[in-house]
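Single-structure report; data block below.
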Amino acid sequence: MQKCLITKIVKDSILDGPGCRYVTFVKGCNLNCPWCHNPETKSSKQEVFTYSRFCIHCGNCVNALSADAQLEVTPVEIDNSNSEQYFNAVEACPTKTLEYASSEYSTDEIIDDMRKYSIMYSKTKGGLTISGGDPLFVADFSFELFTKAKAAGFHTAADTALSFKWDIVEKFLPVVDMWLIDLKHIDDNNLKTDLTIANLLKLANISGSKIWIRIPIVPGYNDNEAIWEAMATLLNDAGNAIEQVSLLPFHPFGTAKYEALRIDYPFSGVKHLDDSVIDNATEIFSKHLRPEILTKGRRILHG
Amino acid sequence: METLEKKTIEDQIIGCSERVQKLKRNLVSKACYNGKYEDGIRVDIDRAKLFTDAYQDLLSEEPVIRRAKVLKHVLSNIPIAILNDELIVGNPHADPHALPVFPEINVNLLTEAIADGYVPENDRQTAEDIVKFWTGRTIASKVAENMSEQTREIVNTASSFISFTWKDGIQHCVPNWDYTFENGTQNIRAKLQEKITEVFNEIDKGNSLQLSDLINKRYQYEAMLISLEALEIFTGRFCRLASDMALQEPDHNRAEELLKISTVLSKVLKNRPESFHEACQGFYFLHLILNCIDSAAFGSLCRIDQCLWPFYEKDVIIEKNITRFEAQELIECLILKVEALGGFFSRQRRLHFEGNGALPIWTLGGVNIDGSDACNELTDTVLQAARSVRCNQPTISVLYHKNMRESSLVEAIKTVRSGLGYPSFTNLNWAVASLMRQGMPIEAARNAGVVGCVSVCPVDSCNTTKRLALTIIAAKSMELALNEGKCLITGKLLGPEEKPATTFQSYDELFEAVKKQYAFTVKTSVNVRNLSRHYEKLYRPNPLASSFHRTPLEKGVDAVAYEDYPNNYWLNLVGAVNVINSLTVLKKLVFEEKKYTMADFIHAVKTNWEGMESFRQEVIHKVPKYGNDDPYVDKVAYDVIKMFSDVAENTYDINGGYWSVLAQSVSIYQSTAKMTGALPDGKLFGFPLADGGISPDHGTDNNGIFSVLSSGSKVDHIRTKGLLLNQWIAPEMLEGEQGIEWMKALMEMWSDKGLSQAQFNVVDPKILRAAQVNPEKYPHLTVRVSGYTANWVKLTRDLQEMILARTVQVN
Ligand code: SF4
């Protein structure tokens with residue numbers, strides 16, 4: 001049975017697909033988007049958060065490490081490129097200062113948990129969403145989980161950038177009911193948007209595909225009208241398989257997680273995207289798209 | 001988000017007519033904040049004086065006859081008024097600032113009122129004379145006469161006992177509304193006359209063994225007759241007042257209205273109501289007299305959408321005499337009348353029940369006696385009225401079941417979404433199963449309403465005429481078990497002596513020690529409550545309430561003394577979740593992992609965790625906490641609730657029924673902070689106990705509301721009178737159609753999981769924070785504090801912080 005590190009499970013989401021969603025955020029991604037608000041989902045290895053404001057300086061972490069751990073400062077400085085070394089410190093920390101970034105789950109554990117709340121998913125026409133990270137990056141796990149979910153009668157959705165070879169995407173066709181596709185740019189080699197776009201168009205051409213497009217609007221990256229025009233045209237060409245297009249404004253909530261992982265955030269200090277930018281983008285997208293499919297990103301404000 | 005925010009704050013009196021808006025503005029609140037009433041609120045000495053004068057003159061009468069005659073004297077003479085713009089009229093006193101006080105129940109309240117400055121200078125002497133008369137004559141003092149020195153010491157000082165019922169004497173008192181409206185006073189009086197004739201015939205037969213019984217019956221029937229006369233005198237006074245006022249009213253429209261009111265009052269409660277207006281007026285009048293004039297009873301009004309439905313259906317739907325909007329306005333007027341009611345409470349109660357003056361609750365929904373859905377258009381109208389008029393009381397509980405009328409469920413969800421803090425939801429399937437287990441036939445179980453905050457009771461029975469609860473701090477049992485039976489705060493012995501906890505060899509031994517302390521507290525408080533029941537039966541009969549129930553007429557018994565169904569009593573437990581979490585900590589760290597010893601924990605609680613912060617943090621974060629669907633701790637939760645029920649069901653009332661558990665804490669959890677010492681779950685002395693009945697402790701649920709429901713479903717609800725669950729939901733979760741669908745599914749899941757009760761706060765914490773900074777901008781913001789609703793900006797900062805600290809269920 002497949003297992004995977006999961007950074008978070010949200011059982012009652014209303015933001016990640018139709019109806020009420022059971023969302024698992026898998027650890028591991030093939031891209032490295034500099035604005036990413038979930039930096040802990042990038043690496044597929046276990047990592048440790050350090051939330052210094054909870055530290056009571058008890059020293060348990062230091063004491064738990066071998067004598068040659070040279071550090072006397074608390075909280076102990078975690079090196080996430082080599083996190084195993086510090087697991088004892090995490091176990092020893094009595095507060096929420098040192099915290100694993102993920103826990104391992106098997107596909108059965110997740111399905112069993114979902115079954116407890118199946119009424120929520122069936123009544124609201126919701127189901128399972130694998131987000132991340134990218135579900136296609138941990139393809140074996142995701143495939144098995146989707147397969148079991150479908151067998152159990154749950155609707156399935158993959159939240160992915162589709163930046164993979166087509167044969168990987170193709171393998172998922174029988175077990176994924178809906179694709180939530182992150183479209184970041186129209187032409188960015190670093191983020192393999194050529195693959196995203198090619199796969200997106202292929203998917204859109206397969207009859208019965210259901211696609212929701214989610215576009216992060218990121219200051220200094222894709223907040224310009226030419227890109228929006230191009231994206232909108234592309235999406236219009238993709239046709240009726242595209243049921244929804246959401247514009248998601250950049251927000252700085254990820255900052256705290258970068259600090260906690262002790263890594264630099266390229267977007268440190270960048271503020272919430274101005275509402276007017278989203279309004280402009282909406283205007284441009286609405287010139288090309290059926291108005292009913294266009295939505296602005298919703299956010300549960302106090303998460 | 002924007003629109004919703006606006007709705008939560010601004011949209012508060014939208015939908016109200018101009019009249020209702022004016023009535024709302026002029027309303028005098030009887031709520032307490034920080035243990036104090038608002039400025040200008042005073043004690044009404046008139047009722048107390050009228051009652052005492054009549055009582056003194058009637059000392060030689062039989063208690064039940066005396067009671068009826070005293071009521072007649074009070075209702076004939078209490079000052080009355082009809083306020084501007086009112087459609088539904090009646091008040092405990094002409095002055096809306098006057099709060100009734102009931103010296104005959106507990107004279108100390110009046111003493112406290114004098115000391116706390118609620119008795120105006122002019123009334124001081126009268127008040128002191130009244131105190132003098134009642135001293136030594138009240139039920140409370142008679143109860144105390146029966147306690148040993150040791151018991152008296154314990155129940156008066158021990159913080160484990162908070163039992164409002166026998167200290168405040170506050171009751172529930174609900175008539176059987178269907179019976180009341182079907183018959184009216186005319187019919188009931190005729191039947192009483194027949195019964196009296198029958199009794200005389202029986203007496204004439206000379207059956208010596210039945211004689212005492214027959215005499216008591218005669219007294220009961222005659223007292224009921226007198227109390228009905230008293231009621232008619234009171235309504236007659238209002239009827240004349242309305243027509244007199246009409247004559248002098250310069251505004252033509254208002255004069256017409258007053259004449260119409262006068263006509264309604266000339267008929268009200270006498271026969272089956274002819275109109276919806278008359279039914280609403282009768283509903284309010286009887287509630288007013290029973291709860292705020294005759295006696296202190298602040299409780300439920302039961303299934304309003306059922307008992308008023310025939311009159312609504314006739315007036316609004318069949319004959320179209322009034323529009324739906326006019327009917328809604330009448331309901332809004334009714335709500336405002338209930339909002340204005342209150343009573344003078346003890347200092348302790350004023351602190352414990354921050355916010356609301358009283359705890360009236362209306363039940364909506366549920367099923368008919370054949371099990372079919374009982375919702376109707378009035379269900380929807382009441383919810384819409386509540387949402388538009390936005391009052392703290394009455395709160396509403398919806399008896400939820402899967403087959404509820406779609407529009408009623410949607411209205412209920414929209415009302416929750418509006419941030420009002422109610423309706424709460426009571427799970428009908430649970431209610432029926434639980435009442436049947438307590439021995440009721442299925443029809444009675446289906447025809448139940450919510451009394452108090454949580455418990456359900458068949459409405460067609462005398463069981464609704466008494467408050468049979470008492471409150472204890474369950475968490476104290478944990479404290480006592482660890483400290484040889486002694487209070488950590490005072491050092492006094494509050495329970496059976498226990499061997500030092502350091503000598504406990506096993507988790508089972510620890511569990512038994514907690515059980516022993518809990519059982520003692522239960523036994524002692526039940527004993528005291530039983531004593532007060534004995535005296536209530538003797539000295540506090542209620543011939544008026546008896547007139548509006550079936551059995552008193554049939555059997556010649558008093559509704560206060562008689563119970564149609566057994567096993568009505570319940571123990572309100574505060575801090576049950578602290579016991580669950582504390583036992584889990586000790587089980588894991590002491591008896592399983594053996595990482596710490598009992599001595600470590602005893603030292604920790606005795607020193608309030610002083611200098612042991614890393615130990616305390618470990619206890620908080622490294623041991624699973626109830627509310628996260630964790631099987632380890634949820635098993636302990638099952639065991640603890642089962643033990644609580646086992647012990648309770650082994651304790652009996654004076655009719656031989658057993659007691660049940662009801663876990664809730666109103667806002668008691670806050671005010672009891674200083675009554676419980678530190679606990680092994682990491683709670684510090686001075687910090688509040690877990691809120692709600694089986695809500696997770698503050699901020700300890702990290703897996704979302706689904707897991708909370710999962711944990712909550714693992715304890716046995718059927719044996720209890722309800723285990724209260726408080727949850728926050730961010731308003732965004734409920735936005736739009738999608739939000740309603742989400743909530744509908746959530747309700748169905750909650751019901752399927754067999755939980756007894758739930759209430760949801762959906763006010764965005766950001767709004768609550770904003771209201772802390774700019775309270776003047778948010779005067780109408782309400783928030784639910786377990787079991788009732790309070791005005792947010794007036795809550796103490798501590799309580800506000802506590803509410804905010806509870807986990808908000810969001811993505
Ligand atoms: S163990 Fe945790 S709380 Fe203690 S010093 Fe280390 S990081 Fe801080």
Side-chain angles (χ1 to χ4, degrees), chain A residues 8-23 25 51 54-64 74 90-99 103 109 112-126 129 131 253 275 295-303, chain B residues 1-2 4-5 402 612-623 629 682 699 702-711 713-714 728-753 764-769 804 807-811:
Chain A
K8 190 166 176 59
I9 292 178
V10 179
K11 305 175 187 185
D12 57 5
S13 172
I14 49 168
L15 304 178
D16 302 279
C20 179
R21 312 300 300 185
Y22 189 103
V23 191
F25 293 86
Y51 291 105
F54 298 136
C55 181
I56 54 170
H57 307 289
C58 62
N60 289 9
C61 50
V62 174
N63 295 336
T74 52
V90 182
E91 302 288 344
C93 175
T95 66
K96 284 178 155 301
T97 312
L98 303 181
E99 224 181 42
S103 310
E109 279 172 317
D112 286 347
D113 195 43
M114 268 193 91
R115 279 187 211 273
K116 294 182 190 165
Y117 318 108
S118 53
I119 198 168
M120 285 303 295
Y121 309 117
S122 61
K123 287 240 14 158
T124 62
K125 301 194 171 59
T129 299
S131 181
F253 298 150
D275 279 350
T295 66
K296 282 186 218 178
R298 299 201 320 139
R299 192 184 298 128
I300 305 294
L301 279 169
H302 35 86
Chain B
M1 183 59 209
E2 261 162 52
L4 204 97
E5 197 162 322
K402 253 190 232 181
M612 282 171 267
E613 193 52 19
S614 92
F615 181 19
R616 195 176 84 90
Q617 291 290 334
E618 178 177 352
V619 155
I620 294 172
H621 298 297
K622 297 285 181 181
V623 178
D629 194 21
N702 307 315
N703 289 339
I705 188 168
F706 291 6
S707 301
V708 172
L709 294 181
S710 226
S711 284
S713 73
K714 289 185 232 170
W728 271 105
I729 295 181
E732 296 93 328
M733 296 296 285
L734 302 181
E735 269 178 37
E737 281 304 303
Q738 189 194 16
I740 300 225
E741 290 307 311
W742 186 87
M743 191 67 188
K744 271 159 66 180
L746 188 78
M747 296 311 306
E748 193 168 331
M749 180 166 83
W750 158 84
S751 163
D752 270 8
K753 287 192 180 295
D764 187 330
K766 281 187 11 172
I767 298 175
L768 299 181
R769 282 278 178 223
L804 285 162
T807 312
V808 179
Q809 298 298 352
V810 292
N811 274 18

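First the proteins, then the strands, lettered A, B, ... as listed; each starts at 1.
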(request) Measure the spacing between SG of A/C20 and CE of B/M743 and express it to the nearest 0.5 Å. (result) 12.5 Å
(request) Considering only heavy atoms and a distance below 4.5 Å, find which of B/K753, B/E741, B/E613, B/E748 pairs most often with chain A. (result) B/E748
(request) Compare every heavy atom of B/N702 with every heavy atom of A/K96, then report the nearest pair and how far apart it is. (result) NZ-ND2, 4.3 Å
(message) Looking at every non-hydrogen atom in both residues, tell me the closest pair between B/S614 and A/P94 and how far apart they are.
(response) O-CB, 3.2 Å
(request) Please name all residues satisfying ring-ring contact (aromatic ring centres under 6.0 Å, His included) with B/W742, sequence neighbours left out, ordered by chain then number. (result) none
(message) Restricting to ring-ring contact (aromatic ring centres under 6.0 Å, His included), what partner residues turn up for A/Y117, sequence neighbours left out?
(response) B/F706
(request) Please report the shortest heavy-atom distance between A/M120 and B/A745, naming the atom on each side. (result) SD-C, 3.4 Å
(request) Answer with side chain, backbone, both or neither: which region of A/F54 has an atom nearer than 4.5 Å to a non-hydrogen atom of chain B? (result) neither
(message) Between B/K744 and A/K123, is there a side-chain heavy-atom distance shorter than 4.5 Å?
(response) no
(request) Could you grab the distance from atom CG of B/D629 to atom NZ of A/K11, nearest 0.5 Å is fine? (result) 5.5 Å
(request) To the nearest 0.5 Å, tell me how far A/N60 CG sits from B/Q617 CD. (result) 11.0 Å
(message) So, taking the atom named OG1 in A/T124 and the one named CD1 in B/I740, what distance separates them when rounded to the nearest 0.5 Å?
(response) 14.0 Å
(message) Rounded at 0.5 Å granularity, tell me how far CD1 in A/I119 sits from CE in B/M749.
(response) 8.0 Å
(request) Pick one of side chain, backbone, both or neither for B/S707, based on which atoms fall under 4.5 Å of a heavy atom in chain A. (result) both
(message) So does A/C93 get a backbone contact from the side chain of B/K622, meaning a donor-acceptor N/O pair under 3.5 Å?
(response) yes
(request) Taking the side chain as every heavy atom from C-beta outward, state whether B/M733 and A/D12 have any atom pair closer than 4.5 Å. (result) yes
